[in-house]
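This is a predicted model, so every value here is computed, not measured.
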Amino acid sequence: MKIPFDIFIGGPMGNDNLDAAGESFSSHLPNLTNVLKRIKDEIEETDKTINIRIQTPEVDESGMITNRIFGMIDGAELAIMDVSAGSAGVMYELAMLHALGTPTIPVVLRDTEGKRKTPFYLKDSYCAVVSNFGEGVLYERLSSMVRTAVYGGGGPGANPAMNPMTAFYDMALVDASATTGLATGYFHNFIRHVIRETGGVFTALDYQVEKFVILQPEKLSDTSDMLNRVKSRLRSEGIAVTQ
């Protein structure tokens with residue numbers, strides 16, 4: 001049985017303005033699609049266990065992008081996003097991908113002076129920078145990046161799942177929300193009742209509290225390591241640790 005791997009390709013649609021390389025923005029998405037299909041065929045030729053499915057936005061009869069795009073984004077394992085036109089719609093889709101923690105490769109076009117024209121929030125992000133959106137240039141830049149995203153690896157700085165949101169929360173935003181909800185529920189459904197029954201958080205203790213220290217990790221993932229370091233430090237000072 002082949003493993004499905006969905007790649008979503010997003011970009012400006014119906015924009016006939018010219019980019020910095022003198023090409024129409026509306027040509028970007030078809031070129032990206034052709035290149036991704038070529039990469040897909042090459043990967044599947046050597047790996048018979050994978051089934052890469054290319055997902056692209058579609059326009060309905062009224063000319064509006066249908067709601068199917070959200071389903072494509074939600075189910076994507078990887079997204080390739082053309083951010084060269086600074087399209088509000090594309091940036092909205094990119095924000096959704098970032099919130100989901102979906103590995104994403106924004107494609108950035110150099111300006112007429114050869115500088116990368118990167119949207120503000122992507123300045124420090126993992127991007128594919130190209131001089132134009134010709135299929136040859138896109139293939140050369142994206143071929144190895146897509147393979148890295150499909151199979152993992154690439155080393156530090158080459159992780160398409162990292163973005164400004166995951167860097168801030170140290171996890172996907174949807175996971176951070178779930179963690180917050182779980183912690184809130186744990187307090188309201190359990191801890192709050194324990195405190196109420198004992199008459200207060202310290203009334204069940206048989207000693208006087210001299211100091212009360214609150215430790216707040218910078219990231220949620222640091223909590224376990226911080227707890228271990230605190231326990232180790234207390235034990236080294238001869239203080240018994242019971243929790």
(request) Flag the pair Arg147 / Glu42 as yes when at least one side-chain heavy-atom distance between them is below 4.5 Å, and no otherwise. (result) yes
(request) Could you pull out all residues at least two apart from Thr118 that satisfy side-chain hydrogen bond (donor to acceptor under 3.5 Å, both in side chains)? (result) Arg116
(message) Before you tell me yes or no, could you show the steps for Asp47 and Tyr151 under side-chain hydrogen bond (donor to acceptor under 3.5 Å, both in side chains), namely the whole-Å CA-CA distance, both residues' side-chain angles and the distance that decides it to 0.1 Å?
(response) CA-CA 11 Å; Asp47 186 349; Tyr151 293 109; 2.5 Å; yes
(message) Please check if the number of heavy atoms outside Arg235 that lie under 6.0 Å from its CZ is greater than 12.
(response) yes
(request) Give, for atom CD1 of Ile52 and atom CZ of Phe5, the distance between the pair rounded to the nearest 0.5 Å. (result) 7.0 Å
(message) Gln55 vs Ile9, test: side-chain contact (heavy atoms from CB on, under 4.5 Å). Steps then yes/no.
(response) CA-CA 6 Å; Gln55 308 280 355; Ile9 306 174; over 6 Å; no
(message) When you measure from the side chain of Ser232 to the backbone of Arg229, do you find a donor-acceptor pair of N or O atoms at a distance under 3.5 Å?
(response) no
(message) Is any side-chain heavy atom of His98 closer than 4.5 Å to one of Thr166?
(response) no
(message) Working note: Arg110 + Val129, criterion side-chain contact (heavy atoms from CB on, under 4.5 Å); need CA distance, chi angles, decisive distance, verdict.
(response) CA-CA 7 Å; Arg110 296 188 185 277; Val129 183; 3.7 Å; yes
(request) Identify the heavy atoms of Ile105 and Ala128 that sit nearest to each other, and give their distance. (result) CG2-CB, 3.9 Å
(request) Quick one: pull up OH in Tyr92 and CD1 in Ile69 and give me the separation to the nearest 0.5 Å. (result) 11.0 Å
(message) If I compare all heavy atoms of Met145 with all of Cys127, which pair ends up nearest, and what's the gap?
(response) CE-O, 3.7 Å
(request) Could you tell me which non-hydrogen atom of Ser87 sits nearest to which non-hydrogen atom of Pro12, and how far apart they are? (result) CB-CB, 4.4 Å
(message) For a 4.5 angstrom cut-off between non-hydrogen side-chain atoms, does Pro106 reach Tyr126?
(response) no
(message) Under 3.5 Å, is there a donor on one side chain and an acceptor on the other for Asp16 and Ser26?
(response) yes
(message) Between Ser84 and His28, is there a side-chain donor-acceptor contact under 3.5 Å, judged purely by atom types and distance?
(response) yes
(message) Would you compute the distance between atom CG of Leu97 and atom CG of Leu78 and round it to the nearest 0.5 angstrom?
(response) 9.5 Å
(message) Do Lys40 and Asn51 have side chains that approach each other closer than 4.5 Å (heavy atoms only, starting at C-beta)?
(response) yes
(request) Give a yes or no on whether the backbone of Asn34 and the side-chain of Arg38 come within a donor-acceptor separation of less than 3.5 Å. (result) no
(request) List for me each residue that meets side-chain hydrogen bond (donor to acceptor under 3.5 Å, both in side chains) alongside Asn15, sequence neighbours excluded, and say none if there are none. (result) Asn17
(request) Of all the heavy-atom pairs spanning Pro119 and Met91, show the shortest one and how long it is. (result) CB-CE, 4.1 Å
(request) Find out whether Val108 and Leu122 are in side-chain contact, i.e. whether some heavy atom of one side chain is under 4.5 Å from a heavy atom of the other. (result) no
(message) Could you check whether any side-chain heavy atom of Met72 comes within less than 4.5 Å of a side-chain heavy atom of Asp6, counting everything from C-beta outward?
(response) no
(request) Kindly give the heavy-atom pair with the smallest separation between Asp19 and Leu109, and that separation in Å. (result) CB-CD2, 3.5 Å
(request) Take Asp82 and Leu29 through the side-chain contact (heavy atoms from CB on, under 4.5 Å) test and state the conclusion after the steps. (result) CA-CA 8 Å; Asp82 169 22; Leu29 195 59; over 6 Å; no
(request) Indicate, with yes or no, if Phe25 and Leu94 share a hydrophobic cluster defined by side-chain heavy-atom contacts under 4.5 Å among Ile, Leu, Val, Met, Phe, Trp and Tyr. (result) no
(message) For residues 127-146, which residue pairs pass the salt bridge (charged side-chain N to carboxylate O under 4.0 Å, His left out) check, not counting sequence neighbours?
(response) none
(message) Leu36 vs Leu142, test: side-chain contact (heavy atoms from CB on, under 4.5 Å). Steps then yes/no.
(response) CA-CA 8 Å; Leu36 265 296; Leu142 290 172; 4.2 Å; yes
(message) How long is the straight-line distance from OG1 of Thr56 back to CE of Met13, given to the nearest 0.5 Å?
(response) 7.5 Å
(message) Nearest 0.5 angstrom please: Thr33 OG1 to Lys37 NZ, how far?
(response) 6.5 Å
(message) Is there a path of hydrophobic side-chain contacts, each under 4.5 Å between heavy atoms of I/L/V/M/F/W/Y residues, joining Ile80 to Met162?
(response) no
(request) State, to 0.1 Å, how close Pro4 and Glu77 come at their nearest heavy-atom pair, and which atoms those are. (result) O-OE1, 4.2 Å
(request) Flag the pair Val107 / Phe133 as yes when at least one side-chain heavy-atom distance between them is below 4.5 Å, and no otherwise. (result) yes
(message) Is it true that, when you exclude Lys123 itself, more than 12 heavy atoms of the residues, nucleotides or ligands shown sit nearer than 6.0 Å to its NZ?
(response) yes
(message) Within the supplied structure, the quantity of interest is the number of heavy atoms (other residues, nucleotides, ligands) at a distance under 6.0 Å from Tyr121 OH; does it exceed 12?
(response) no
(message) If I take atom OG from residue Ser131 and atom CG from residue Asp111, how far apart are they, to the nearest 0.5 angstrom?
(response) 12.0 Å
(request) Answer whether the closest heavy-atom distance between the side chains of Phe70 and Met96 falls below 4.5 Å. (result) yes
(message) Checking Tyr169 against Asp175: is there a side-chain donor and acceptor pair closer than 3.5 Å?
(response) no
(request) Salt-bridge test for Glu44 and Lys48: reply yes if a basic N is under 4.0 Å from a carboxylate O, no otherwise. (result) no
